[in-house]
Amino acid sequence: NSTGMILGTGAAVELDNLTITGAGSAKGLVVSDGIVATVNGGKITTDAGIAVNLLSGNLTLNDVNITTEGDDAMGFNAQSGTVVLTGGSVETMGEESNALYTENEIQGTGLEIITRGNASVALDVQQGATGILLNSIVNTYGDVSSAIESQDGATITADNVHITTIGHESYGIWSRGSELAISNSTITTAATTASGMYVGGLGAGDSTISLDTVTIDAQQAQAIEFN
């Protein structure tokens with residue numbers, strides 16, 4: 001499998017108007033070895049691969065549009081390191097293709113996050129990671145495609161975020177054993193078995209939620225479902 005660009009050991013790197021296109025399972029941009037990198041403008045498009053893969057380091061993306069077109073893809077996989085995204089978009093078109101995934105720390109401001117396939121989460125925060133989302137729009141269209149998922153001690157902070165899900169079992173926010181602080185936001189779910197929020201423990205510890213000026217419109221399900 002090929003990769004469009006790899007940023008590894010070295011000094012800080014800054015790239016302007018970057019364009020990367022990958023076919024098949026090729027990755028777009030890989031950042032590793034603790035490097036500090038900034039990308040200003042551009043687009044990264046892959047088929048079934050990971051468009052942006054942060055293995056370690058610090059990555060800042062300003063006004064970058066990320067798209068995956070195939071199944072089993074991922075827009076952004078932050079296994080380690082810190083990610084800051086400002087402006088731009090992350091969109092996945094295929095099945096089982098999450099848009100943003102982190103096991104460490106990710107912050108997005110002014111983003112548009114879209115998933116169109118089934119089993120495709122927009123923002124997935126796992127294993128004690130931190131996700132911060134500000135002034136953003138999150139839309140999912142497939143079944144079993146929640147807008148935000150968090151579990152295993154993860155922390156989610158969202159302010160002025162507008163969430164819409166269309167498919168069945170596609171929760172606005174799905175949380176298990178996590179801490180949530182949501183403010184000045186809206187959550188709309190259109191389908192049956194798609195509650196606005198799902199909050200559970202299931203052996204992973206209790207979830208803690210704080211809602212401040214949040215409107216939940218679960219059109220055919222519960223506003224908040226506890227388990």
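- Side-chain heavy atoms closer than 4.5 Å link hydrophobic residues (I, L, V, M, F, W, Y) into clusters, and following such links, possibly through other members, connects I224 to V214.
- Residues V52 and I44 form a side-chain contact, since some pair of their non-hydrogen atoms from C-beta on lies under 4.5 Å apart.
- Ring pair Y171/Y198 is tilted by interplanar angle, where 30° to 60° counts as tilted.
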Full working for side chain to side chain contact (heavy atoms under 4.5 Å, CB included) between I106 and L123: CA-CA 10 Å; I106 190 166; L123 173 61; 4.2 Å; yes
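- Residues I173 and I182 meet the side-chain proximity criterion, which asks for heavy atoms closer than 4.5 Å.
- Within the 3.5 Å criterion, the main-chain N or O of S80 finds no donor-acceptor partner in the side chain of S56.
- Side chains of L100 and M74 form no contact here, defined as non-hydrogen atoms less than 4.5 Å apart.
- Note that CG of L211 is 5.5 Å distant from CD1 of I216, once rounded to the nearest 0.5 Å.
- Here the side chain of T189 pairs no donor or acceptor atom with the backbone of G172 at under 3.5 angstrom.
- Looking at heavy atoms from C-beta onward, R116 lies in side-chain contact with E91 at the 4.5 angstrom threshold.
- Under the 4.5 Å side-chain heavy-atom criterion for Ile, Leu, Val, Met, Phe, Trp and Tyr, I163 and V199 are members of the same hydrophobic cluster.
- K43 contributes atom NZ, which lies 11.0 Å from atom OG of S89 (distance to the nearest 0.5 angstrom).
- Of all non-hydrogen atoms in G108 and S136, the two that sit nearest each other are O-OG, 4.1 Å.
- Residues V83 and L85 are in side-chain contact: their nearest non-hydrogen atoms beyond the backbone lie under 4.5 Å apart.
- In this structure a side-chain-to-backbone donor-acceptor pair under 3.5 Å is missing from E149 to V121.
- With a 4.5 Å cut-off on side-chain heavy atoms, V144 and N118 do not count as touching.
- With N135 as the partner, the side-chain contact (heavy atoms from CB on, under 4.5 Å) test is satisfied by one option alone out of N160, T86, N184, L111: N160.
- In this structure, T102 contributes its side chain and N104 its backbone to a donor-acceptor pair below 3.5 Å.
- Across every non-hydrogen atom of S170 and S145, the tightest pair is OG-N, 2.9 Å.
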